[in-house]
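Worksheet for the structure shown next.
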Amino acid sequence: MRLYEYEGKQLFEKFKIPVSARRLAKSPDEVFKIVEKMKEPVVLKAQVLSGGRGKAGGIKIAEGANEARTYADELFKLTIKGYPVDAILIEPKLDIKQEYYIGVTIDRANYKLVLIASGEGGVDIEETAEKHPDKIFKLPLDISEDVYTFDALLIAKKIGLPQELIKEGAAIIISLYNMFRKYDAKLVEINPLVLTADGKLLAADARVSLDDDAVFRHPELQEMGIESRHEEGEMTPREKQAQDWGIPYLDLDGNIGMFPGGAGFGIMGNDFIHHYGGQPANFMDSGGGPSPERIAKMLVLLDQKPEVKVIFGARFGGISRCDDFAKGVIMFLKDHGLSKPLVMRMTGNMWQEGVRMFEEAKEANPELFEHIEFHGIETPIEEISKRAVELASLEGGN
Amino acid sequence: MRLYEYEGKQLFEKFKIPVSARRLAKSPDEVFKIVEKMKEPVVLKAQVLSGGRGKAGGIKIAEGANEARTYADELFKLTIKGYPVDAILIEPKLDIKQEYYIGVTIDRANYKLVLIASGEGGVDIEETAEKHPDKIFKLPLDISEDVYTFDALLIAKKIGLPQELIKEGAAIIISLYNMFRKYDAKLVEINPLVLTADGKLLAADARVSLDDDAVFRHPELQEMGIESRHEEGEMTPREKQAQDWGIPYLDLDGNIGMFPGGAGFGIMGNDFIHHYGGQPANFMDSGGGPSPERIAKMLVLLDQKPEVKVIFGARFGGISRCDDFAKGVIMFLKDHGLSKPLVMRMTGNMWQEGVRMFEEAKEANPELFEHIEFHGIETPIEEISKRAVELASLEGGN
Amino acid sequence: MAILVDKSSKVMVQGMTGGAGKFHTARMLTYGTNIVGGTSPGKGGQEVEGKPVFDTVVECVENTGADVSAIFLPARFVMEAAIEAIRAGVKFLVIVPEHIPIHDMLHVRREAVAHGATVIGGNTAGVMTPGEANLGIMPDIAFKPGRVGTVSRSGSITYYVADTLTRTGYGETTCVGLGGDPVLGSTFDEILLKFEDDPKTKAVVMCGEIGGVYEERACNVIPDMKTPVLAMIGGIYAPPGKRMGHAGAIVEGKMGTAKEKLEMLADAGAHPCKTFLDIPETLKKLGV
Amino acid sequence: MAILVDKSSKVMVQGMTGGAGKFHTARMLTYGTNIVGGTSPGKGGQEVEGKPVFDTVVECVENTGADVSAIFLPARFVMEAAIEAIRAGVKFLVIVPEHIPIHDMLHVRREAVAHGATVIGGNTAGVMTPGEANLGIMPDIAFKPGRVGTVSRSGSITYYVADTLTRTGYGETTCVGLGGDPVLGSTFDEILLKFEDDPKTKAVVMCGEIGGVYEERACNVIPDMKTPVLAMIGGIYAPPGKRMGHAGAIVEGKMGTAKEKLEMLADAGAHPCKTFLDIPETLKKLGV
């Protein structure tokens with residue numbers, strides 16, 4: 001769950017990390033009114049859930065209210081890495097002497113938190129990390145460990161903060177780390193931490209990603225108006241529909257509708273289709289132990305997508321039981337009907353029950369099953385993949 | 001810093017430890033008014049900074065407001081282990097089925113926190129610990145360790161909480177431990193934790209001692225109306241005077257006024273006086289690095305105490321410098337004058353400066369020094385002790 | 001012989017009285033898994049499928065000798081449950097639930113390392129030693145005792161691989177589901193080394209995934225292993241950087257594209273496979 | 001030879017630019033203590049008595065090779081300062097300030113044990129190895145090089161004992177102030193064992209106090225020591241249970257009355273002394 005800059009700065013303030021006074025605007029007119037009152041040069045910052053904003057033209061400096069409105073017009077039309085601009089943050093323009101970088105993230109491979117700092121902030125920190133690793137300082141920490149002032153002082157000195165500001169810099173580092181642990185973050189960054197011409201330290205940007213799975217522990221976020229949200233770009237209408245239904249789904253460019261069980265084979269199955277010369281039309285994940293209703297909705301998404309020429313189905317019942325799966329497919333067939341060929345394989349937990357349900361349903365309504373080729377454990381999944389590719393090429397299409 | 005029961009229960013409520021509804025009264029009339037409104041049998045509990053309250057008659061059960069006022073009259077006249085009754089806590093009388101004990105304290109010798117619990121609460125836990133150690137359960141914990149629910153569940157079961165209440169009991173144990181760490185406590189006790197006839201768990205008493213040296217970290221205590229206070233009984237007027245001056249001082253029954261440097265020799269010096277057949281009139285501690293003013297005040301306390309026949313002075317300058325010491329003694333002599341013999345020894349840091357100051361002062365005002373026998377490092381402190389005992393017996397007195 | 005769990009393992013179920021706990025306790029027992037009891041705080045004294053339920057793991061271990069635990073609890077209770085089991089001396093834990101807070105898993109890993117316990121999951125289908133014990137939610141139809149070990153991040157991949165090994169007559173020693181959550185209790189290298197020490201395991205199939213961070217660690221141990229390692233990585237054709245269901249399936253910077261992972265593993269001496277059918281062919285070539 | 005500190009020790013002062021830090025840095029240097037530098041966060045680059053001040057202990061250690069630290073800081077900053085020094089590799093620390101929060105000292109002790117460092121104090125007068133190093137606030141007038149070690153909770157008692165040993169010609173190897181705070185960095189037994197290992201120390205005088213909890217620990221090691229131990233305990237005639245200045249000087253339950261402590265120590269093989277003058281007499285009898 002990624003936060004907007006203005007939300008991140010709300011958290012910064014809570015942890016006494018210095019930030020500029022700022023206002024949020026949702027329209028060019030609002031921008032005009034705010035800047036008119038400020039009577040000083042301002043910076044307008046597009047609020048998007050993505051990095052690389054500066055390079056994409058998402059930051060503008062305006063001397064007065066009219067100029068600000070003109071820029072705001074532009075900014076609200078911008079799409080940055082597929083993300084629309086929802087709001088503009090307005091701050092006084094800073095007279096910047098130096099820019100630093102401070103961040104905290106998780107080194108998952110080594111099970112550590114890592115405090116990262118650099119004297120070269122404001123640019124792409126990943127690039128600095130790659131080209132000048134000596135300019136990046138890292139302090140790995142155990143999840144149960146505090147950062148002490150002495151740790152933070154050393155970092156503040158290493159990145160070259162002026163001597164008179166190292167205590168303040170250390171306090172910012174400690175606060176950022178404490179905030180990371182307090183809010184179950186995956187990433188927090190101040191980039192840049194700015195040293196102004198008049199000798200003040202300010203967090204000029206805020207990047208905060210929290211762990212969706214731990215948001216339940218932090219009801220105060222909701223009180224602050226920060227709501228649960230995923231990190232994603234602009235969605236297609238079908239992706240939006242899937243999200244509303246709680247189904248992880250991505251549109252792709254191919255013509256084979258992927259209807260897999262589990263995320264693991266969801267990914268691998270797409271590779272198989274490619275391997276045999278086909279093109280998947282989507283990525284989809286049923287989630288663990290999907291209900292029959294959910295299974296039916298997954299099929300609705302694919303059946304309604306015009307580009308889909310054939311549906312590839314795979315169910316290996318684990319926590320997802322074959323009987324629930326069969327129930328969902330039958331529900332779909334009865335309520336909605338299948339307009340395209342479906343080749344599928346079903347095995348795993350409760351497969352006998354699943355097969356029996358299909359047989360009973362087919363006996364009652366054989367017409368519902370005329371587009372379906374059904375396989376069990378005896379057929380390798382590769383055969384199903386090949387068959388889906390074959391059917392897709394028979395159907396023609398893109 | 002020991003808290004009153006009613007203050008402890010304020011903290012309990014903050015940590016969601018269940019307590020009865022309750023009211024505090026500072027006079028018998030207040031007690032009457034409160035009980036009149038409650039319309040149920042109540043328990044009146046003397047609020048004192050001491051244990052053993054029940055045995056001393058500090059707890060009364062009253063059926064109605066008139067009876068409550070009569071008991072309150074008695075309670076406010078009570079002194080429990082030297083502690084006056086400052087207030088009475090009024091709670092509904094509980095129908096008690098079983099009493100338990102839960103406490104957390106520090107095992108200083110082993111540098112551990114210890115969670116202590118027993119199925120036999122409500123009585124003297126130290127007695128139980130001595131006679132039936134098998135009925136006391138202890139869980140030592142590192143200062144950085146959390147108590148987990150499973151730890152607490154095991155304790156709840158061991159002390160015999162009913163099965164349907166073990167989860168609630170565990171939650172109370174965890175809260176008590178968290179409270180201990182959060183407030184830098186030295187001791188927190190629920191004794192008794194009561195199981196009522198209708199199956200509820202309630203903390204019927206609260207004993208909380210915090211670390212005076214860490215109170216600065218908890219400004220919220222002051223916001224709650226809990227103020228810094230030491231654990232002490234009724235003081236003599238001289239002890240109160242000393243406390244106002246910030247001087248650790250205790251009146252004793254003898255006639256030798258003890259004017260030592262440092263707490264260590266403050267204690268040992270009293271032993272020496274006894275050893276040579278004398279009786280100290282007090283205990284006193286100058287504290288580390290006392291100011292000349294403080295030194296002068298220490299002498300004022302002794303000179304004004306009629307029982308003191310002779311003053312025994314010892315200063316081994318460490319963090320307490322001999323020059324500051326000499327300054328203080330001279331200040332006392334000039335401002336106040338010495339009415340009793342003083343035998344003293346001075347050595348240690350800055351002793352040359354101290355000696356020079358005395359010599360100059362004596363040259364200027366020899367009369368001020370006529371009661372003083374002055375020694376340096378050449379005289380063992382035992383000789384000074386003997387001489388003080390000798391002078392005291394020459395002076396007569398008790 | 002097998003790794004992690006076999007018929008002598010005394011298995012307990014944490015969260016035994018919940019819906020998933022009850023259902024899978026029954027399934028695991030049906031398979032012949034030696035389940036000796038379980039826990040559910042506040043429900044001590046009850047029974048599930050004739051096995052005793054305790055309030056705490058300590059009591060369960062004292063009364064049943066349990067040395068392995070399968071956790072079926074809501075994600076928010078997993079950290080304490082895992083730490084409880086580890087501190088009570090349980091040496092192998094399977095965390096079935098998904099969506100466990102990442103910081104919680106860091107704490108669990110820390111305790112596991114400190115106490116020498118092995119944790120797999122969260123979001124794992126579990127561990128299966130065919131013919132001996134089925135720990136978790138794996139469908140037994142796919143599995144047969146044999147001579148190849150498997151370790152995968154995804155449950156469904158585990159099933160397909162076992163299905164393939166079973167159909168082609170190799171069978172499996174033990175099949176380990178590493179789990180799909182972003183931070184996991186164990187890493188590929190750790191499981192590979194356990195297979196290396198198992199004389200019955202003649203080869204290992206490891207299946208990684210785009211976005212995972214533990215595939216790279218496997219490269220540290222494969223060069224020194226005597227047991228051949230076959231490697232598959234899912235997501236070769238996945239669009240990079242787009243979210244794909246598994247939180248773990250986000251490409252992290254330059255590291256972790258599926259193609260790079262597979263190349264890295266091949267460089268380390270693993271035998272890359274593109275489909276499941278490549279597995280028996282490779283095993284044949286290796287003379288397993 | 002000596003214990004804990006000698007003329008080869010490279011001593012740093014934490015809180016070097018404060019009033020007490022400056023004053024005692026000068027005194028310690030005058031005595032000949034090998035002070036190499038100090039710290040004061042934010043004041044790196046300054047000097048005190050010609051010695052360099054650093055912002056952090058790591059920098060001080062890197063630049064001066066400091067291996068011993070004396071802490072002169074307000075009580076609330078002591079915990080972090082001590083942990084900083086311990087983690088930077090300093091192996092011996094003297095915590096002079098008093099009134100350190102008890103929970104803080106538990107953290108300090110934990111770090112010290114984890115890193116094999118020795119901490120004495122808080123509320124200690126320090127450690128003196130006569131003729132070599134004076135670490136803390138002890139008045140040098142009382143001390144002369146010699147053959148008896150001392151360890152006391154109280155500073156003033158340390159001075160009187162040294163004064164007595166010096167006057168009677170025994171002199172001291174090292175004098176250790178354990179400290180007066182209720183929870184201390186080191187315990188009597190730990191210091192006694194260090195003296196036991198010091199060939200120059202022919203006897204040890206330990207002075208405990210009513211209310212302390214560390215005297216009892218001495219009884220665990222005295223029976224096995226070859227070096228004779230003389231024991232004094234202050235507070236034999238103190239009224240029990242009344243507060244006596246030192247927070248540590250409250251009698252805790254039945255444990256810790258001065259009389260009982262002294263008896264316990266005598267039972268363990270220590271030679272009890274009632275006044276300082278008993279010390280040289282006892283040493284004479286023991287042929288030291």
Side-chain angles (χ1 to χ4, degrees), chain A residues 106-109 111-113 126 130 142-144 181 184-186 211-214 216-217 230-233 248 250 252 260-276 280 283-285 287-289 314 316-319 322 347-351 377-378 380-382 385, chain C residues 20 27 75-76 96 98-104 106-107 109-110 113 123 125 136-142 152-160 163-164 167 180 182-183 187 207 209-210 213-214 216-217 232 234-239 242-247 249 253-254 258 274-277:
Chain A
I106 300 173
D107 175 355
R108 297 191 282 150
Y111 301 94
K112 292 281 179 190
L113 307 186
E126 284 171 28
E130 206 185 329
D142 192 275
I143 180 70
S144 64
R181 287 206 301 179
D184 279 279
K186 295 192 291 187
D211 180 359
D212 295 82
D213 294 333
F216 71 90
R217 274 202 279 249
H230 290 275
E231 285 151 74
E232 46 208 328
L250 280 182
L252 299 174
F265 188 67
I267 295 168
M268 190 85 85
N270 283 25
D271 288 354
F272 281 23
I273 295 296
H274 279 281
H275 186 71
Y276 292 113
F283 164 80
M284 185 148 56
D285 178 3
F316 217 128
I319 196 128
C322 289
T347 185
N349 285 341
M350 322 298 270
W351 65 275
I377 196 162
E378 68 290 347
I381 191 73
E382 285 84 353
S385 310
Chain C
R27 279 193 58 254
R76 64 185 65 188
V96 175
E98 62 182 334
H99 293 306
I100 298 159
I102 294 173
H103 291 211
D104 286 7
L106 295 177
H107 282 287
R109 169 79 181 188
R110 186 169 171 270
V113 169
N123 193 9
I137 58 172
M138 289 190 186
D140 43 27
I141 185 173
S152 313
R153 292 207 60 205
S154 144
S156 50
I157 300 299
T158 304
Y159 314 154
Y160 284 111
D163 170 4
T164 308
R167 197 176 335 101
V183 170
T187 58
C207 302
E209 205 168 81
I210 182 177
V213 293
Y214 302 111
E216 280 75 2
R217 287 186 56 158
M232 286 182 84
I236 303 280
Y237 292 95
K242 275 209 157 188
R243 196 176 59 90
M244 296 194 61
H246 272 189
K254 285 221 162 181
K274 292 204 168 150
T275 70
F276 303 126
L277 292 178

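Heavy-atom basis, side chains included; hydrogens, waters and symmetry copies ignored. Throughout, protein chains are lettered first and strands after them, A, B, ... in sequence-line order, and every chain is numbered starting at 1.
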Original post:
So which part of A75(C) gets closer than 4.5 Å to some heavy atom of chain A, the side chain, the backbone, both or neither?
Top reply: neither
Original post:
Would you say D184(A)'s side chain and P101(C)'s backbone share a donor-acceptor pair under 3.5 angstrom?
Top reply: no
Original post:
At their closest point, which heavy atom of G318(A) faces which heavy atom of Y159(C), and how far apart are they?
Top reply: CA-OH, 3.5 Å
Subject >> S385(A): side-chain hydrogen bond (donor to acceptor under 3.5 Å, both in side chains) partners, not counting sequence neighbours >> reply: none
**OP:** Would you mind checking which part of T164(C) comes under 4.5 Å of any heavy atom in chain A, side chain (CB onward), backbone (N, CA, C, O), both or neither?
**Re:** neither
Subject >> Test item: Y111(A) and T187(C) side chains (from C-beta on) under 4.5 Å apart, heavy atoms >> reply: yes
Subject >> Part of I273(A) lying under 4.5 Å from any heavy atom of chain C >> reply: neither
**OP:** May I ask you to decide if I236(C)'s main-chain N or O and D271(A)'s side chain share a donor-acceptor pair within less than 3.5 Å?
**Re:** yes
Original post:
Between D211(A) and chain C, which part of the residue has a heavy atom less than 4.5 Å away: side chain, backbone, both or neither?
Top reply: side chain
**OP:** Let me know if A314(A) has heavy atoms under 4.5 Å from chain C in its side chain, its backbone, both or neither.
**Re:** both
Original post:
Taking atom NZ of K112(A) and atom CZ of R109(C), what is their separation to the nearest 0.5 Å?
Top reply: 10.5 Å
Original post:
What are the two closest heavy atoms between P139(C) and G348(A), and how far apart are they?
Top reply: CB-CA, 3.4 Å
Subject >> Closest non-hydrogen atom pair between Y214(C) and R108(A), with its separation >> reply: OH-O, 3.2 Å
**OP:** Hey, could you give me the CD1/OG distance between I267(A) and S156(C), rounded to the nearest 0.5 Å?
**Re:** 9.0 Å
**OP:** Step through it carefully: locate the ring centre of F272(A), locate the ring centre of F276(C), and say whether they are under 6.0 Å apart.
**Re:** yes
Original post:
So, D104(C) and R217(A), do they make that salt bridge, N to O below 4.0 Å?
Top reply: yes
Original post:
Measuring from R181(A):CZ to H103(C):NE2, what's the distance to the nearest 0.5 Å?
Top reply: 9.5 Å
Original post:
Does the side chain of Y276(A) come within less than 4.5 Å of T275(C)'s, by heavy atoms?
Top reply: yes
**OP:** List the steps, then state whether side-chain contact (heavy atoms from CB on, under 4.5 Å) holds for V213(C) with D107(A).
**Re:** CA-CA 9 Å; V213(C) 293; D107(A) 175 355; over 6 Å; no
Subject >> Nearest-0.5 Å distance that lies between atom CZ in F265(A) and atom OG1 in T158(C) >> reply: 13.0 Å
**OP:** Flag the one option from G269(A), P260(A), A185(A) with the top tally of heavy-atom pairs under 4.5 Å to chain C.
**Re:** A185(A)
Original post:
Is R76(C) positioned over the aromatic face of F216(A), cation under 6.0 angstrom from the ring centre and no more than 45 degrees off axis?
Top reply: yes
**OP:** Look at the side chain of R110(C) and the backbone N and O of S144(A), then say whether any donor-acceptor pair between them is shorter than 3.5 Å.
**Re:** no
Original post:
Residues two or more places apart in sequence or in another chain: which of them pass side-chain hydrogen bond (donor to acceptor under 3.5 Å, both in side chains) with D163(C)?
Top reply: R345(A), R167(C)
**OP:** Could you check if a side-chain atom of I381(A) sits within less than 4.5 angstrom of a side-chain atom of Y160(C), using non-hydrogen atoms only?
**Re:** yes
**OP:** Please flag which part of D142(A) lies under 4.5 Å from any non-hydrogen atom of chain C: side chain, backbone, both or neither.
**Re:** side chain
Original post:
Heavy-atom distance under 4.5 Å between the side chains of D213(A) and I100(C), does that happen here?
Top reply: no
**OP:** With a 4.5 Å cut-off on heavy-atom pairs, point out which of D140(C), V96(C), L277(C), V183(C) contacts chain A the most.
**Re:** L277(C)
